[in-house]
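Structure first, commentary second.
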Amino acid sequence: MFRPPFLARVAAGAAVYALEETRRLPSAAAKLPLTAVSRLLQTGMHVQQFVTSLAIKGDSVFDRIVNRPEEQPEWATFDEDDDPPARESGTTPRRRNSGFDRFDADPAEVELALQETLDGLRAIQNGNPVPAAHTFDAGAPVDDIAVAGAAAVDGPESAATADPEPVAEPEPAAAPELPEVGARYDYPNMTLAQLRGRLRTLTVADLVALLDYEQRTLDRAAFVTMLTNRIATVRAQ
């Protein structure tokens, strides 16, 4: 088989390529502006990224040369550098000197203050003048003070604080009498629907009697409204 030289084959291939590109030229010409712009932007972005990477590498080099870590100066001290002061052995913590800390409660004085407060409250509730404050010896036992306070409480105020006599309760009023129309139709056990079905068969007198009975007993709003409206309708006819 005859095979042409290499240069001849290359020339034939170039001619075929030129012919194909010539056929594609009309469609490629329409897309040429967009393709050129996109490639230009892509190339610009690659260049910008490459320059930025070079600048970052240069910053790292200058940081190593210029910005060396400085040691802590001698005059700079911080709280964590100082050792906490050691507490001397055998010393007791300082005692607080406020008014609440200096107060030493005496059980006798506390009991006396509580008793006088209770006496004043009871006197105010009963409308009596507030009794004068009692004075006791602070050295007296607590039991003696409690007995004296109880005696003061059981004095003239005991009559005012006594249980009142029972008052006789009033007798309940008699139940209203069921009208004749109510007994005829068993009105107390009627439902709202049953009453609505009976309205057209009742006279004004029957309606008024049932309304009066309802208001004096159960006083149900739905029943009262229905009876009142029916009475107004019948009277308007």
Side-chain angles (χ1 to χ4, degrees), residues 98-237:
S98 62
F100 291 101
D101 298 324
R102 294 196 305 270
F103 177 74
D104 188 9
D106 188 357
E109 294 180 0
V110 173
E111 184 70 22
L112 177 61
L114 291 175
Q115 191 62 46
E116 291 180 354
T117 304
L118 292 175
D119 294 344
L121 292 175
R122 291 175 181 174
I124 292 174
Q125 291 178 355
N126 298 327
N128 298 329
V130 180
H134 300 281
T135 57
F136 299 96
D137 186 7
V142 178
D143 296 338
D144 297 343
I145 296 177
V147 171
V153 173
D154 295 337
E157 298 176 359
S158 60
T161 58
D163 296 336
E165 296 181 358
V167 180
E169 298 181 357
E171 297 181 358
E177 184 180 357
L178 181 64
E180 187 270 337
V181 64
R184 186 195 317 159
Y185 296 112
D186 192 14
Y187 176 79
N189 297 324
M190 289 179 65
T191 62
L192 190 62
Q194 293 174 349
L195 177 61
R196 185 183 296 107
R198 294 283 185 181
L199 285 179
R200 296 184 179 276
T201 62
L202 300 177
T203 61
V204 176
D206 295 339
L207 294 171
V208 172
L210 291 178
L211 178 60
D212 180 67
Y213 176 78
E214 178 67 30
Q215 291 176 342
R216 294 170 61 185
T217 54
L218 299 178
D219 195 15
R220 292 167 292 186
F223 284 77
V224 172
T225 302
M226 182 177 295
L227 292 172
T228 304
N229 295 339
R230 181 58 184 170
I231 292 172
T233 303
V234 174
R235 288 179 177 176
Q237 292 178 354

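Every heavy atom of this structure was used, including side-chain atoms; hydrogens, water molecules and symmetry mates were not.
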message = For V208, run the side-chain contact (heavy atoms from CB on, under 4.5 Å) check against D206, V204, L211, L210 and tell me which one passes.
response = V204

ask   = Which distance, rounded to the nearest 0.5 Å, do you find between the CG of L178 and the OG1 of T217?
value = 9.0 Å

ask   = Can you list the steps and then say if Y185 with T201 is a side chain to side chain contact (heavy atoms under 4.5 Å, CB included)?
value = CA-CA 11 Å; Y185 296 112; T201 62; 4.2 Å; yes

request  = Can you see which heavy atom on G182 is nearest to which on P188, and at what distance?
outcome  = O-CD, 4.3 Å

request  = Working to the nearest 0.5 Å, report the span between CE of M190 and CG of D186.
outcome  = 8.5 Å

key: Distance in Å, T228 OG1 paired with L207 CG, rounded so as to fall on 0.5 Å steps   = 10.0 Å

query = So, does Q215 use its side chain to make a donor-acceptor pair with the main chain of V224 at under 3.5 Å?
reply = no

task = Quick one: closest heavy-atom pair of Y213 and P176, and the distance?
result = CE1-O, 3.9 Å

inquiry  = Within the structure provided, determine whether F223 and M226 are in side-chain contact (heavy-atom separation under 4.5 Å).
reply    = no

message = I want to check something: taking the side chain as every heavy atom from C-beta on, are Y187 and V181 in contact at a cut-off of under 4.5 Å?
response = no

request  = With rounding to the nearest 0.5 Å, note down the distance linking CD in E177 to CZ in R216.
outcome  = 9.5 Å

